[in-house]
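Only a predicted model underlies this, so the values are computations on that prediction, with no experimental measurement involved.
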Amino acid sequence: IYPSFYRTLPSFDLNSPTLAQMMRQFGWQQMAVIAQDESVFTVATDQLKVIFDEEGWYLDTVTLKSGLEEFPYEEVFGAILNEDHRIINLNTYGPYAYNILCEAYHRGLVYPEYVWFTP
């Protein structure tokens, strides 16, 4: 469908150091993480917390339970908007990321005011 779009998926262990390097590169000092409560995502979020603590940066996290029948949009977006986060990392599986990004689009939380990272 998109002939010039390619996606690589390296080990998830590289996610946190890569995000930290981007934070340094752009001079950012705060980020929100929306993480699903699956071990692969909670471990990555914990790694990111350690890096942020070492750097003196601010990291806000929202943890979502897997298998929800109704998606907690107000919980997710309330945390982002209350703290005025502009850089958001999604540590979720595809269906959750899809719901979050669609809702973000409908709420106008898009580039250039907001930057979203997905695994």
Side-chain angles (χ1 to χ4, degrees):
I1 296 175
Y2 301 102
S4 63
F5 177 79
Y6 293 93
R7 179 178 181 199
T8 59
L9 193 54
S11 168
F12 212 67
D13 291 338
L14 299 175
N15 191 38
S16 296
T18 302
L19 284 170
Q21 184 58 37
M22 289 177 45
M23 296 287 290
R24 285 185 206 97
Q25 182 72 28
F26 291 108
W28 298 334
Q29 295 192 7
Q30 75 172 27
M31 176 189 287
V33 174
I34 302 169
Q36 198 168 341
D37 69 344
E38 301 281 339
S39 63
V40 67
F41 302 120
T42 57
V43 168
T45 302
D46 290 344
Q47 290 172 344
L48 199 56
K49 286 178 187 176
V50 170
I51 294 170
F52 271 60
D53 287 345
E54 290 171 355
E55 296 286 341
W57 298 333
Y58 179 70
L59 183 68
D60 194 12
T61 60
V62 176
T63 303
L64 301 174
K65 295 200 179 300
S66 295
L68 296 174
E69 290 183 24
E70 252 185 71
F71 202 81
Y73 291 111
E74 293 311 315
E75 176 185 345
V76 171
F77 290 99
I80 291 170
L81 295 172
N82 287 342
E83 295 292 328
D84 196 32
H85 291 298
R86 301 300 174 131
I87 304 154
I88 303 115
N89 179 44
L90 294 180
N91 282 344
T92 66
Y93 286 118
Y96 272 43
Y98 176 83
N99 283 324
I100 293 166
L101 291 173
C102 284
E103 184 68 17
Y105 174 79
H106 290 293
R107 292 178 182 230
L109 308 177
V110 296
Y111 183 82
E113 287 83 20
Y114 293 86
V115 178
W116 293 85
F117 292 103
T118 61

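Note that the CZ atom of R86 and the CG atom of D84 stand 4.5 Å from one another [nearest 0.5 Å]. Annotation: the span from R107 atom CZ to Y105 atom OH amounts to 15.0 Å, rounded to 0.5 Å. Here CH2 of W116 is found 5.5 Å from CG of L90. Values are rounded to the nearest 0.5 Å.
Counting all heavy atoms, side chain and backbone alike, V110 lies closest to A104 at CG1-O, 4.3 Å. Summarising the geometry of P17 relative to I51, their closest heavy-atom pair is N-CD1, 4.0 Å, with the distance given to 0.1 Å. Across every non-hydrogen atom of Q36 and F41, the tightest pair is O-CB, 3.4 Å. What you find for T92 and A97 is that their closest heavy atoms are OG1-N, 3.3 Å. Scanning both residues, Y114 and H85, for their nearest heavy atoms gives CE2-O, 3.1 Å. Between F77 and I100 the shortest heavy-atom distance is CZ-O, 3.4 Å.
Take E55 and apply the side-chain hydrogen bond (donor to acceptor under 3.5 Å, both in side chains) test, not counting sequence neighbours, and it matches R24. For the side-chain hydrogen bond (donor to acceptor under 3.5 Å, both in side chains) test, no residue two or more places apart in sequence or in another chain qualifies with E83.
Linking ILVMFWY side-chain heavy atoms closer than 4.5 Å, directly or via other members, places V40 and V62 in two distinct hydrophobic clusters. Under the 4.5 Å side-chain heavy-atom criterion for grouping Ile, Leu, Val, Met, Phe, Trp and Tyr, F26 is connected to F117 within one hydrophobic cluster. In the hydrophobic clustering of ILVMFWY residues, with side-chain heavy atoms under 4.5 Å counting as a link, L59 and M22 come out together. Linking ILVMFWY side-chain heavy atoms closer than 4.5 Å, directly or via other members, places L81 and Y73 in a single hydrophobic cluster. Residues L101 and L64 share a single hydrophobic cluster, defined by chaining ILVMFWY side chains whose heavy atoms lie under 4.5 Å apart.
Residues Q29 and M23 have side chains not in contact (no heavy-atom distance under 4.5 Å, counting atoms from C-beta outward). Using a 4.5 Å cut-off on side-chain heavy atoms (C-beta onward), L19 and W28 make no contact. The shortest side-chain heavy-atom distance between Y58 and M31 does not fall under the 4.5 Å cut-off. For the pair W57 and Q30, the minimum side-chain heavy-atom distance is 4.5 Å or more. Side chains of N89 and I34 form no contact here, defined as non-hydrogen atoms less than 4.5 Å apart. Between N15 and L48, the closest side-chain pair of non-hydrogen atoms is not below 4.5 Å. You'll find the side chain of Y96 reaches within 4.5 Å of the side chain of L68, heavy atoms only. The shortest distance between side-chain heavy atoms of T61 and K49 falls below 4.5 Å.
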>> salt bridge (Lys or Arg N to Asp or Glu O under 4.0 Å) for E70 and K65? Distances and angles first, verdict last.
In response: CA-CA 11 Å; E70 252 185 71; K65 295 200 179 300; over 6 Å; no
> Is there a side-chain contact (heavy atoms from CB on, under 4.5 Å) between I88 and I80 once you walk through the steps?
Replying inline: CA-CA 8 Å; I88 303 115; I80 291 170; 4.2 Å; yes
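A donor-acceptor pair under 3.5 Å is absent between the side-chain atoms of T42 and the main chain of D37, judged by distance alone. In this structure, the side chain of N99 engages the main chain of P95 through a donor-acceptor pair within 3.5 Å.
Side-chain N/O atoms of T45 and N91 include a donor and acceptor closer than 3.5 Å.
For Y98, the OH atom is loosely surrounded, since the number of other residues' heavy atoms within 6.0 Å does not exceed 12.
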